[in-house]
Amino acid sequence: MCGIIGYTGPKDALSIALEGLRRLEYRGYDSAGIAATGPTGIDVWKKSGKLVNLEAELEASDRGAATPTAAIGHTRWATHGVPSDDNAHPHTSQDGRISLVHNGIIENFSQLRSELTNTGVEFNSQTDTEVAAHLLGLEYAKDGDLTAAMRRLCQRLEGAFTFLAVAADQPEVIVGARRNSPLVAGVADGEYFLASDVAAFISHTSEAVELGQDQIVTISPEGIALHDLDGAAVDGKPYSVDWDINAAEKDGYDTFMMKEIHQQPTAVADTLRGRIDQHGHIALDEVRLSEQEFRDINKVFIIACGTSYHAGLVTKYALEHWTRIPCEVELASEFRYRDPVLDRSTLVVAISQSGETMDTLMAVRHARTQNARILSISNTVGSSIPRESDAVVYTRAGIEVAVASTKAFLTQAAACYVVALHIAQRRGVMYSDEVAAVVESLKAMPDKIESVVGNGESIRNLAQHIAAHQRVLFIGRHVGYPVALEGALKLKELAYIHAEGFAAGELKHGPISLIESGTPVVALVPSPAGRSVLHDKMISNMQEVKARGAQLIAIAEEGDDVTASHADHTVYVPQAPTLLAPILTAIPLQYLAVEYAGALGHDIDQPRNLAKSVTVE
Ligand code: F6R
């Protein structure tokens, strides 16, 4: 949510900042801006709307009198103030000597704004960020030390922020700060980067430095220095980024979302790879929990948001079945405000693709204060949520650029299955041959996912056929219910229509009144084998909606010879154990959303009003 990039070094800083913004645009696209420094001072360009507007602005200008030596850039997801040129970042101090970009929310901004207004400072925007620009300018005026000024600024602020700032009279220096928002440094020979994520600089270097909470970072062509808020030097954690530049390209697909749908077989295989040794022992990535602590767990809370929350709901079915430990799944944004009962025997599983979602991070911190153990499932190495957890499983899905999650859902579910089996094994509640049987089924999933991914054409025709409807309902039972919720979320996000997921048995208690002649209803039909009671119940629920005029689209298992006669259209997925089926049945719904939104002419990768990595509460 908001992307920021800073570069200092011998190359054309403006072009590098622009390229970084292109790669970060998925984090926000309400406006974009760049401040570049050079011998003549600071030049600022900013424009509301997508990055193309800023590019056009730069094209039309002389791009500054001299080649800039450093630049900072920002792509915005609006919080305070509408998307407009004035509210776009960078913001500049009253004396014009400082420009600054910001990701996050300054919670005490209105009090600070009144203070500044009373001393005669004039504001040009409605943003909370401009407060920081003016304060930094005033601090810098005291001693001309940008690093110290940034430190003093941070000491006055409450909330979440990442800042990058440049000063007119130190054209090669960029100072950054980080509290509760992501910031990573990139290191190359005589050139340095600061960015919200490594995608911004991966084409230049794969050497990165992880920055800690409440740290100030200063870069110039001479080097990088990190300090805490008291001014003491601190060490960053260096690491190498193990994906290449192609990961941030569309690779011939029309959209990142289609690319990411097609990456799912490999992504799930990568999630599972190496987790299970030849003795059936299941290993997690980083575990700071003892065997005894795993054995002592008597309650599990899963906390997450959006698609990750749906992956959590899928997990509940598997985790309770395999471990026999009660499990609750909660929206992270609600969790800490209802005073949940937690103790040292409670395991809190935090699921977050980005590892930076503020609602989830705050829920994790709350759980920690209650002595709960934290295990996180994340796709982002070194991000805040894994750093604050006792154990971590990385999903290894590779960067997800499309704002609507696809491979995150499948890989999170896969990682959660591994966690559930790990706990079952530690507690001795599953025989090793039972674990081995599930592991074998899991290992077979990537090929099955491949076959569903390859069947996109059938959905394409279907989606175009129903795209005239302004309401689509999704129904499911058991693990099909969270998949119904996920299908509805995808369609809402991309097609901007009313889409809602229901537990199929719940329809008759109210929502069935939404059905009119022709209303598309997508039914996630359970396997007819094994849990055939569920299958029968689902067929009854389908008949109920059909009797009221619904147009029924069924997602059914291959070999199910009953469902098709009750549906208008049936899409088949390969057979799989019931608990694992969601990582197959979710895929047609991803396609459905892409095709439906495509038929309406919507932007697939950057749906309106949204942004990836939601770093505000
Ligand atoms: C939906 C989507 C969001 C995210 C949610 C949590 O397609 O992408 O609902 O799932 O914002 O994000 P993470 O997993 O990064 O915490």
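Atoms within a ligand are numbered from 1 in the order they appear, just like the ligands themselves.
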Hey, which atoms in ligand 1 end up nearer than 4.0 Å to a heavy atom of [X]?
X	value
Ala404	7 (O)
Val403	8 (O)
Lys490	1 (C), 7 (O)

Is a salt bridge present between [X] and [Y], judged by a nitrogen-to-oxygen distance below 4.0 Å?
X	Y	answer
Arg22	Glu19	no
Arg288	Asp390	no
Glu356	Arg387	no
Glu334	Arg338	no
Arg23	Glu249	yes
Arg368	Glu388	no

Do any nitrogen or oxygen atoms of Lys612 come within less than 3.5 Å of a nitrogen or oxygen of ligand 1?
->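 No: no nitrogen or oxygen of Lys612 is under 3.5 Å from one in ligand 1.
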
Would you say Gln353 has any N or O atom under 3.5 Å from an N or O of ligand 1, going by distance alone?
->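 Yes; at least one N/O pair falls below 3.5 Å.
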
Determine yes or no for a side-chain-to-main-chain donor-acceptor pair under 3.5 angstrom, with Glu400 supplying the side chain and Lys407 the backbone.
->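 Yes.
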
Do side-chain atoms of Asp605 reach the backbone of Met257 as a donor and acceptor pair under 3.5 angstrom?
->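 A pair under 3.5 Å: yes.
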
Heavy atom of Cys305, distance to ligand 1 below 4.0 Å |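 Judged by the 4.0 Å heavy-atom criterion, Cys305 does count as contacting ligand 1.
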
So is Glu356 in contact with ligand 1, going by heavy-atom distances below 4.0 Å?
->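 False for this residue.
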
Taking the six-membered ring of Tyr496, is NZ or CZ of Arg608 closer than 6.0 Å to its centre and within 45° of its axis?
->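 Yes - Arg608 lies over the ring of Tyr496, closer than 6.0 Å to its centre and within 45° of its axis.
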
Can you tell me which residue and heavy atom of the protein come closest to [atom], and the distance to 0.1 Å?
atom	answer
atom 13 (P) of ligand 1	Thr357 OG1, 3.2 Å
atom 3 (C) of ligand 1	Thr307 N, 4.0 Å
atom 8 (O) of ligand 1	Ser405 OG, 3.1 Å
atom 11 (O) of ligand 1	Val614 CG2, 4.0 Å
atom 15 (O) of ligand 1	Ser354 OG, 2.7 Å

Tell me which part of Glu493 gets within contact of ligand 1: side chain, backbone, both or neither, using heavy atoms under 4.0 Å.
->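 Under 4.0 Å from ligand 1, Glu493 contributes side-chain atoms alone.
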
